[in-house]
Q: 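What follows is a single structure, and I will ask about it in a moment.
Keep in mind that what you see is a predicted model, and the values were worked out from it rather than measured. Each chain gets a letter, A, B and so on, in the order the sequences are listed, and its residues count up from 1.
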Amino acid sequence: MTLGELARARDIEPPHDLRRHKGWVGQLFERLLGADASSRDEPDFTALGVELKSLPVTEDGRPVESTFVCTVPLGELEAVPWETSRVRRKLARVLWVPFEGDPAIAVPMRRVGAPFLWSPSSLEEMALRDDWEELGGIIGAGGVESLSARVGRYLQVRPKAANARSRRRAIDDEGLILSTLPKGFYLRTRFTAAVLAANLHTRA
DNA sequence: TATTGATCATGC
DNA sequence: GCATGATCAATA
């Protein structure tokens, strides 16, 4: 179905473009599927422990964008083990919903692909854990300010804020409190592209 | 042109 | 303010 058909079923008016409605598609899917976590720090489907992620794709089935995972906990020096990290919790069980992400296609005309339920394989989890430990190590050592989005093979840290003036308390490399731009963990497209590929060929 | 860094909307 | 949902737009 198209986003327009789905929106009409819920009596929702699709925006002309996503410029000022960046989360519109994800929120439409949430409402259609009955996600109940609202904006709480829990899986979208609390009883199922499933996280919903919309995934814009190009015409050849590659993700258009990186995927936001969760905010980076700044200001805490103690090391959090991977096992209890927010990144791992978020990605433990995900319902990926691909849809046409080409901005040239009018929002209501964009088609939705076949969703699939996914959990990281042991290989994928190891890779994510490696990145997470590297990134966490830098942040834990007070290196937030020098951390660039180029670090991390599949997982990266990028700004996640309302604007460049947003501030968040963090710890610098001498253990002092500093004010920095809020950051988030994102999955690179190279990771989601592999997930997509592995889950689409089965229906060829 | 792919990626990084910046930004937009909503709920509590 | 900080969590959720992300895409935009300047830069490398």
Q: Kindly state each residue pair satisfying side chain to side chain donor-acceptor pair (under 3.5 Å) with at least one member in residues 114-124 of chain A, sequence neighbours excluded.
A: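 Of all non-adjacent pairs touching residues 114-124 of chain A, those that pass side chain to side chain donor-acceptor pair (under 3.5 Å) are W118(A)-E124(A), S121(A)-E124(A).
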Q: Hey, what are the protein-to-nucleotides 8-12 of chain C N/O distances that come in under 3.5 Å?
A:
unit_1, atom_1, unit_2, atom_2, d
dC8(C), O4', K22(A), NZ, 3.4
dC8(C), N4, E65(A), OE1, 3.3
dC8(C), N4, E65(A), OE2, 3.2
dA9(C), OP1, R19(A), NE, 3.1
dA9(C), OP1, R19(A), NH2, 2.9

Q: Does R111(A) have any salt bridge (charged side-chain N to carboxylate O under 4.0 Å, His left out) partners at least two apart in sequence or in another chain, and if so, which?
A: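 Partners of R111(A) by the salt bridge (charged side-chain N to carboxylate O under 4.0 Å, His left out) criterion, ordered by chain and then number, come out as E100(A).
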Q: Give one of base, sugar-phosphate or nothing for Y186(A), where a contact means two heavy atoms less than 4.0 Å apart.
A: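 The residue Y186(A) makes base contact.
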Q: May I ask you to say whether R89(A) pairs ionically with E51(A), meaning some side-chain N is under 4.0 Å from a carboxylate O?
A: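 Salt bridge: no.
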Q: Please list residues of residues 43-58 of chain A whose heavy atoms come under 4.0 Å from any atom in DNA chain B, ordered by number; otherwise none.
A: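 The answer is none.
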Q: Under 4.0 Å, counting only non-hydrogen atoms across every strand here, what does G26(A) touch: a base, just sugar-phosphate, or nothing?
A: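 Sugar-phosphate only.
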Q: Measure CG/L3(A) against P/dG5(C) and give the value in whole Å, please.
A: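 Value for this atom pair: 18 Å.
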Q: Pick the nucleotide of DNA chain C nearest each of R169(A) and H21(A); which residue has the one closer to the 5' end?
A: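 Closest to the 5' end, via its nearest nucleotide, is R169(A).
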Q: Report all side-chain donor-acceptor pairs from residues 128-150 of chain A shorter than 3.5 Å, counting only partners two or more places apart or in another chain.
A:
unit_1, atom_1, unit_2, atom_2, d
R129(A), NE, E133(A), OE2, 3.0
R129(A), NH1, E83(A), OE2, 2.9
D131(A), OD1, R153(A), N, 2.9
D131(A), OD2, R153(A), N, 3.2
D131(A), OD2, Y154(A), N, 2.5
D131(A), OD2, L155(A), N, 2.9
E145(A), OE1, T180(A), OG1, 2.7
S146(A), OG, G143(A), O, 3.0
S148(A), OG, R150(A), N, 2.9

Q: Got a sec, which pairs hit salt bridge (charged side-chain N to carboxylate O under 4.0 Å, His left out) with one end in residues 155-167 of chain A, sequence neighbours left out?
A: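 Those involving residues 155-167 of chain A do not exist here.
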Q: To the nearest angstrom, how far is L74(A) atom CG from dG1(C) atom C1'?
A: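 So the CG-C1' distance, L74(A) to dG1(C), works out to 14 Å.
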Q: Mind jotting down which residue pairs meet the ring-ring contact (aromatic ring centres under 6.0 Å, His included) criterion with at least one end in residues 155-181 of chain A? Sequence neighbours excluded, please.
A: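 Residue pairs with at least one partner in residues 155-181 of chain A: there are none.
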Q: For a quick test of your reading: what N or O donor-acceptor pairs under 3.5 Å do the side chains of residues 14-32 of chain A make, sequence neighbours left out?
A:
unit_1, atom_1, unit_2, atom_2, d
D17(A), OD1, R19(A), N, 3.0

Q: D102(A): what forms a side chain to side chain donor-acceptor pair (under 3.5 Å) with it, not counting sequence neighbours?
A: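 Checked D102(A) against side chain to side chain donor-acceptor pair (under 3.5 Å); zero matches.
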Q: Using atom CG of L28(A) as one end and atom C1' of dA9(B) as the other, report the distance to the nearest whole Å.
A: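 For the pair L28(A) CG and dA9(B) C1', the rounded distance is 15 Å.
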Q: Select from Q156(A) and A162(A) the residue whose nearest nucleotide in DNA chain B is closer to the 5' end of that strand.
A: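 Nearer the 5' end of the strand: Q156(A).
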Q: In this structure, how many angstroms lie between the P atom of dT3(B) and the CZ atom of R153(A), rounded?
A: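 In whole Å, dT3(B) P lies 12 Å from R153(A) CZ.
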Q: With a non-hydrogen cut-off below 4.0 angstrom, is K160(A) in contact with a base, only sugar-phosphate, or nothing?
A: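 K160(A): base contact, heavy atoms under 4.0 Å.
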Q: Might you point out which heavy atoms bring P98(A) and L196(A) nearest each other, and give the distance in Å?
A: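 Taking P98(A) first and L196(A) second, the nearest heavy atoms are CG-CD2, 4.3 Å.
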Q: Could you tell me whether the phosphate oxygens of dC2(C), OP1 or OP2, come under 4.0 Å of any side-chain nitrogen or oxygen in T71(A)?
A: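 Checking T71(A) against dC2(C): no side-chain N or O falls below 4.0 Å of OP1 or OP2.
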Q: Over how many whole Å does the gap from Q27(A) atom CD to dG11(B) atom P extend?
A: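 One finds 8 Å between P of dG11(B) and CD of Q27(A), rounded.
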Q: Would you mind reading off the distance between R188(A) atom CZ and dG5(B) atom C1', rounded to a whole angstrom?
A: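 The distance from CZ of R188(A) to C1' of dG5(B) comes to 13 Å, rounded to the nearest Å.
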Q: F99(A) near the nucleic acid: base, sugar-phosphate alone, or nothing, with a heavy-atom cut-off under 4.0 Å?
A: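 Sugar-phosphate contact only.
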Q: In degrees rounded to 10°, what angle is found between the helical axes fit to the five outermost pairs at each end of the helix from dT1(B)-dA12(C) to dC12(B)-dG1(C)?
A: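 About 20°, once rounded to a multiple of 10°.
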Q: Applying side chain to side chain donor-acceptor pair (under 3.5 Å) as the test, list every pair that has at least one member in residues 184-198 of chain A; sequence neighbours left out.
A: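 For residues 184-198 of chain A, and leaving out neighbouring residues, there are no side chain to side chain donor-acceptor pair (under 3.5 Å) pairs at all.
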Q: So which pairs with a foot in residues 55-75 of chain A pass salt bridge (charged side-chain N to carboxylate O under 4.0 Å, His left out), sequence neighbours left out?
A: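 Applying salt bridge (charged side-chain N to carboxylate O under 4.0 Å, His left out) to every pair that reaches into residues 55-75 of chain A, excluding sequence neighbours, yields nothing.
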Q: What's the shortest heavy-atom distance between L91(A) and P120(A), and which atoms?
A: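 The pair with the smallest heavy-atom distance is O-CD, 3.1 Å.
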Q: So which one's nearest nucleotide on DNA chain B is more toward 5', S66(A) or N163(A)?
A: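 This one resolves to S66(A).
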Q: For L181(A) and dG5(B), give me the distance from atom CG to atom C1', rounded to whole Å.
A: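 In whole Å, dG5(B) C1' lies 9 Å from L181(A) CG.
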Q: Between F68(A) (CZ) and dA3(C) (P), how many Å, whole number?
A: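 My rounded result for the distance is 9 Å.
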Q: Any side-chain N or O of R165(A) below 4.0 angstrom from OP1/OP2 of dA6(B)?
A: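 No, R165(A) has no side-chain N/O under 4.0 Å of OP1/OP2 on dA6(B).
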